[in-house]
Participant: 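Okay, here's the structure, questions in a sec.
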Protein chains: 2
Amino acid sequence: MATIKDVAKMAGVTVTTVSRVLNNRGYISEKTRNKVAEAMKELQYQPNEIARSLYRQKSNIIGLIIPTVAHSFFGELASHIEYYAYECGYKILLCNSHLNRKKEKEYVEMLKRHKVDGILMGSHTLEIDEYLNLNLPIVTFDRQITNSIPFVSSDNFEGGRLAANLLIQKGCRKIAHISGNLSLNMLSNKRYEAFIIEVVANRVEHITVQTEVDVFDIPQNERLIYNMFKEYPDIDGVFTSDITAVQVIQACSRLNKRIPEDIKIIGYDDIQLASLIVPQLTTIRQPMAEMSKRAVELLIKQINGKEVLMENIFPVRLVERNTT
Amino acid sequence: MATIKDVAKMAGVTVTTVSRVLNNRGYISEKTRNKVAEAMKELQYQPNEIARSLYRQKSNIIGLIIPTVAHSFFGELASHIEYYAYECGYKILLCNSHLNRKKEKEYVEMLKRHKVDGILMGSHTLEIDEYLNLNLPIVTFDRQITNSIPFVSSDNFEGGRLAANLLIQKGCRKIAHISGNLSLNMLSNKRYEAFIIEVVANRVEHITVQTEVDVFDIPQNERLIYNMFKEYPDIDGVFTSDITAVQVIQACSRLNKRIPEDIKIIGYDDIQLASLIVPQLTTIRQPMAEMSKRAVELLIKQINGKEVLMENIFPVRLVERNTT
DNA sequence: TTGTATGCGTTATCAT
DNA sequence: ATGATAACGCATACAA
């Protein structure tokens, strides 16, 4: 690969001059500018971003830590994030933590060594101190670590309320909520809270189940759902995340429960899949594109030393389809 | 952030010595080794990988270009790739090309500037020359660009044969194949070839449809499927990729076609979703984990200047579920 | 308008 | 066993 030196030599100038035309800084005569430009083209010169990063103390790379990009929700999230980041001149280093503490720690260390300019955390299994000691701009998804770290989330409480309410209004008398693992301290736990409040206020029977920590252990979730229906065969409403809802739909099919006649199901997220399957899933939509955009903005603002809003809660919307 | 200099100063030695303990190279006395180690711990020293990359002329980063990680197939692929790459000490820079020529070109240029050690291409919309001039280790998925660039794919021909055969055996008399855009020169076109051969040999009526270039334009695919069924309402078998198959299932539901009684559907890929939906999708399974592993291995071998196998075709397997 | 010298953080060569 | 120095490719302060 040609370096700035080669270009300088070919153009008969010094590296300084080449650097100048490269960065459009300072005065240069048209003549030399052209000479240099020509040499660049001739040599197919590309500035070495590693060298630039070293000098500028800035890599223009953002670390993205999520459970796994194989999970539709995070796949879509990652796609949006990559899009906005790239628009802003940042690249994404992808890290799949599988919500494994050790892996997450390793990734964080790795990202620090690689001098990423900031980290977007969609997985957060570490201790609060570990995040605070990071000494690097962070933005989290769906978790408020401290009031000094900005987060992006949907209005989980309102979403939980909407979901529970819909099921109740539609006549469900025994509603199950399958949540993620509540010990993870995610803001999505607020769905749980709202769900309980609504269901209690309306004196509707309810049961709650937590999934294990790993988000995409399909067989485990299947067992969980199976056991739930075994223990409570008369459940007539389920509220859970979209992907889990798909599994619930399958379980219902196996158990010959008709949807929505015998049982109604509402998801959360509105991933693309929700409207792709049969029956189309009623769900609470979170605006993933906007949230992703905001997350990237928040991170970049921090990188540039600007003040940012700490709480970034986005409105959700009920999307009624065919499972309720 | 502490640098090697800070450590040296604190330990009362020079940077050379610190570098030595860092890399376990050359002789050092236990005493100084300990002093240095202590200083490192004290300062929470982390070597700067950017500086290392510059010196070593090696970034330990791999570029991954795919259509979009929001598409389940590529999401799963990316997840596997990231996993194996990380195991080998490589990180993944994520690029979603959306099969857009201009974007892909931009990403390739960006990756070159960032001095990635190699590129994994799951999207390839450029001209052959552009890949050859890249001057960088490449491995492609599902496309044979030239015989000098190794590729990984499943046995698309066999998969097409298996799929067509199953539908024929199950009694389908008018089979549709919805393929990706054949102009992209992908190896998946071999499914098409095999499909045609089988269907012609068995004198079964068939029709073929190509999707547009963008892989995940849902409304467009919906229209395509809708039009297909409008023009040929008597189609009783469909062979296409898993994600499109999901859309076909939905269309069938809308059109009151019973699966598998009125129409049988077989997918290709066996993404996780295939066994999650109702009805569970019969499909041709490609071993994505193994393929991803191989792709990473091929790339790293090339990076290390070793010879590699050019054709890496993996066996497929018919997984019969409930749509046939 | 252009050139010289220095430094970004690291590793390797060559001394000592 | 340890240190001084150059080099990786680039960008800036300062000279000329």
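The figures that follow rest on heavy atoms only: side chains count, while hydrogens, waters and symmetry mates do not. Labels below follow one simple rule: chain letters A, B, ... track the order of the sequence lines, proteins then strands, and each chain is numbered from 1.
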Participant: What is the ring orientation for A:F74 with A:H71, classed by angle as parallel under 30°, tilted 30 to 60°, or perpendicular over 60°?
Facilitator: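 Plane angle over 60°, so perpendicular.
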
Participant: Find the distance B:L22:CG to C:dA12:C1' and express it as a whole number of Å.
Facilitator: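 After rounding, the reported distance stands at 14 Å.
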
Participant: If the cut-off is 4.0 Å, is B:T32 near the phosphate of D:dA1, judged by side-chain N/O to OP1 or OP2?
Facilitator: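 No, outside the criterion.
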
Participant: Any side-chain N or O of B:R52 less than 4.0 Å from the OP1 or OP2 oxygen of C:dG9?
Facilitator: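 For C:dG9, neither OP1 nor OP2 has a side-chain N or O of B:R52 closer than 4.0 Å.
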
Participant: Closer to the 5' end of DNA chain C via nearest nucleotide, is it A:V13 or B:N48?
Facilitator: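 Nearest-nucleotide comparison on DNA chain C picks A:V13.
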
Participant: In whole Å, I'd like the distance from the NZ atom of A:K31 to the C1' atom of C:dT2.
Facilitator: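 My rounded result for the distance is 13 Å.
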
Participant: Please round to the nearest 0.5 Å and tell me the distance separating atom CD of B:Q286 and atom CG of B:D142.
Facilitator: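 Going from the CD atom of B:Q286 to the CG atom of B:D142 covers 6.0 Å.
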
Participant: Take atom NZ of B:K293 as the centre, draw a 6.0 Å sphere, and report whether it contains more than 12 heavy atoms from other residues, nucleotides or ligands.
Facilitator: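 For B:K293, atom NZ is not crowded (no more than 12 foreign heavy atoms under 6.0 Å).
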
Participant: Please tell me which of the listed nucleotides, D:dG9, D:dA11, C:dG3, lies nearest to the side chain of A:A51?
Facilitator: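 The nucleotide sitting nearest to the side chain is D:dG9.
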
Participant: DNA chain D: A:P47 or B:V15, which has the more 5' nearest nucleotide?
Facilitator: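 Nearer the 5' end of the strand: B:V15.
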
Participant: What does B:L54 touch in the nucleic acid at a heavy-atom separation under 4.0 angstrom: a base, only the sugar-phosphate, or nothing?
Facilitator: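 It contacts base atoms.
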
Participant: On the side chain of B:T3, is there an atom forming a donor-acceptor pair with the base of C:dT10 - under 3.5 Å, no angle test?
Facilitator: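 By the distance-only test, no, there is no pair.
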
Participant: Rounded off to whole Å, could you give me the CZ-to-P distance for the B:R113 and D:dG9 pair?
Facilitator: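 In whole Å, D:dG9 P lies 17 Å from B:R113 CZ.
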
Participant: Counting only side-chain N and O atoms of B:K5, is one of them less than 4.0 Å from OP1 or OP2 of C:dG7?
Facilitator: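 No.
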
Participant: Can you tell me if the side-chain N/O atoms of B:Y55 get under 4.0 Å from OP1 or OP2 in C:dT13?
Facilitator: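 No, because none of the side-chain N or O atoms of B:Y55 sits under 4.0 Å from OP1 or OP2 of C:dT13.
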
Participant: Please confirm whether the shortest side-chain N or O distance from B:T16 to OP1 or OP2 of D:dG3 is below 4.0 Å.
Facilitator: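 Indeed not, no polar side-chain atom of B:T16 lies that close.
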
Participant: Does the side chain of A:Q57 get closer than 4.0 angstrom to OP1 or OP2 of C:dG9 through an N or O atom?
Facilitator: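 Checking A:Q57 against C:dG9: at least one side-chain N or O falls below 4.0 Å of OP1 or OP2.
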
Participant: Check the phosphate of C:dT2 against A:S29, side-chain N and O only, distance under 4.0 Å to OP1 or OP2. Yes or no?
Facilitator: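 For A:S29, the contact criterion (side-chain N or O under 4.0 Å from OP1 or OP2 of C:dT2) is met.
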
Participant: Has the side chain of B:T17 got a donor or acceptor that lies under 3.5 Å from a partner of the other kind on the base of D:dA1?
Facilitator: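 Such a pair does not exist between side chain and base.
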
Participant: When the distance from CD1 of B:I50 to P of D:dA7 is rounded to whole Å, what number comes out?
Facilitator: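 Computing the B:I50:CD1 to D:dA7:P distance gives 23 Å.
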
Participant: Without decimals, in angstroms, what is the distance between A:R25 CZ and D:dA13 P?
Facilitator: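 For the pair A:R25 CZ and D:dA13 P, the rounded distance is 9 Å.
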
Participant: Could you tell me the separation between the CD atom of A:E30 and the P atom of C:dT2, rounded to a whole number of Å?
Facilitator: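 Atom CD in A:E30 sits about 10 Å away from atom P in C:dT2.
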
Participant: Distance check: side-chain N/O of A:R56 vs OP1/OP2 of C:dC8, anything under 4.0 Å?
Facilitator: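 Result: no.
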
Participant: Could you check whether atom CD of B:E109 has more than 12 heavy atoms from other residues, nucleotides or ligands sitting under 6.0 Å from it?
Facilitator: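 More than 12 heavy atoms, drawn from other residues, nucleotides or ligands, come within 6.0 Å of this atom.
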
Participant: So do B:M291 and B:S154 actually touch side chain to side chain, heavy atoms under 4.5 Å?
Facilitator: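 Of all side-chain heavy-atom pairs linking B:M291 with B:S154, at least one is under 4.5 Å.
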
Participant: Using atom CE of B:M40 as one end and atom C1' of C:dG9 as the other, report the distance to the nearest whole Å.
Facilitator: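 After rounding, the gap between these two atoms is 13 Å.
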
Participant: Using a cut-off of less than 4.0 Å, is there contact between a side-chain N or O of A:Y27 and OP1 or OP2 of C:dG3?
Facilitator: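 For C:dG3, neither OP1 nor OP2 has a side-chain N or O of A:Y27 closer than 4.0 Å.
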
Participant: What is the separation between atom CD1 on B:I4 and atom C1' on C:dG7, rounded to the nearest whole Å?
Facilitator: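 Whole-Å distance recorded here is 16 Å.
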
Participant: Hey, what do you get for NZ (A:K41) to CD (A:E38), rounding to the nearest 0.5 Å?
Facilitator: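 With rounding to 0.5 Å, NZ (A:K41) is 8.5 Å from CD (A:E38).
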
